[in-house]
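What follows is a set of notes on a single structure, which appears directly below.
Numbers for residues simply follow the sequence, beginning at 1.
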Amino acid sequence: MTPVSDFLATPAYAQSAGGAGGFLSAGGLMSILPYIAMFAIFYFILIRPQQQKQKQLRAQLAALRRGDRVLTAGGIIGVVQKVRDDSNELEVEIAPNVRVTVLRETLTSVVSSAAKPANDTVPKAG
């Protein structure tokens, strides 16, 4: 018959014989290496590109001008009519003579910009 204490305490079969190995020994480092590699892969494939997209969108929203076409979070495409610098609101025309006030945070993208690129020059006829 076995005593009750044998069921409550399990023997440690995984102990090293010398006891000199720590967490950062070869076995400990090799056991955490796959997790580090997975985090690195997730960072470069998922996290970093998303952060870059968000940074680009913030820059586009900060540079909004009259005439820019924007897409709202509700799926409405409109043309910016008035940008209020003192507040976070924009006036967007969503149909002829239909203007609504939206917050910058509700814009998901800038569809096209009215700003002319710096390198677009009309060649002189000659």
Side-chain angles (χ1 to χ4, degrees):
M1 198 163 172
T2 59
V4 177
S5 64
D6 287 343
F7 292 114
L8 298 176
T10 59
Y13 292 114
Q15 282 184 339
S16 61
F23 177 72
L24 294 178
S25 67
L29 186 60
M30 292 304 284
S31 67
I32 199 168
L33 193 60
Y35 296 110
I36 294 171
M38 281 192 315
F39 178 76
I41 290 169
F42 279 131
Y43 178 77
F44 285 109
I45 291 178
L46 298 173
I47 299 170
R48 190 166 180 258
Q50 184 66 28
Q51 287 176 342
Q52 289 177 341
K53 276 185 177 180
Q54 288 175 348
K55 184 177 180 182
Q56 180 185 11
L57 179 62
R58 280 192 302 268
Q60 287 177 341
L61 292 179
L64 275 177
R65 298 174 35 174
R66 185 174 191 261
D68 290 346
R69 290 187 60 187
V70 294
L71 175 67
T72 66
I76 299 172
I77 295 177
V79 179
V80 176
Q81 295 299 315
K82 188 186 294 184
V83 179
R84 298 181 184 137
D85 292 330
D86 58 339
S87 72
N88 209 13
E89 298 175 348
L90 305 168
E91 191 172 295
V92 177
E93 185 175 41
I94 58 175
N97 297 323
V98 178
R99 294 183 179 186
V100 294
T101 303
V102 298
L103 296 174
R104 278 187 206 259
E105 292 90 25
T106 61
L107 301 178
T108 57
S109 67
V110 178
V111 178
S112 64
S113 179
K116 186 176 176 184
N119 59 359
D120 269 1
T121 57
V122 178
K124 295 182 180 178

Between OG1 of Thr108 and CD1 of Ile76, what distance do you get to the nearest 0.5 Å?
11.0 Å

Report yes if some heavy atom in the side chain of Leu57 is under 4.5 Å from a heavy atom in the side chain of Leu107; otherwise report no.
no

Side chain to side chain contact (heavy atoms under 4.5 Å, CB included) evaluation trace for Leu46 with Gln51:
CA-CA 9 Å; Leu46 298 173; Gln51 287 176 342; over 6 Å; no

Using a strict threshold of under 4.0 Å (side-chain N to carboxylate O), is an ion pair present between Arg84 and Glu91?
yes

Would you call Val70 and Leu64 a side-chain contact if the rule is heavy atoms closer than 4.5 Å?
yes

Same apolar cluster (I L V M F W Y, side chains within < 4.5 Å links), Val102/Leu71
no

Is any side-chain heavy atom of Lys82 less than 4.5 Å from a side-chain heavy atom of Leu90?
no

Between Arg69 and Ile77 (side chain of the first, backbone of the second, donor and acceptor by atom type, cut-off under 3.5 Å), is there such a pair?
no

Hey, does the side chain of Arg66 reach the backbone of Gln81 with a donor-acceptor pair shorter than 3.5 angstrom?
yes

Answer yes or no: does atom CZ of Arg99 have more than 12 heavy-atom neighbours from other residues, nucleotides or ligands under 6.0 Å?
yes

Under 6.0 Å from the CG atom of Asn97, do we count more than 12 heavy atoms belonging to anything else shown?
no

Would you say Gln56 and Gln52 make side-chain contact, with heavy atoms under 4.5 Å?
no

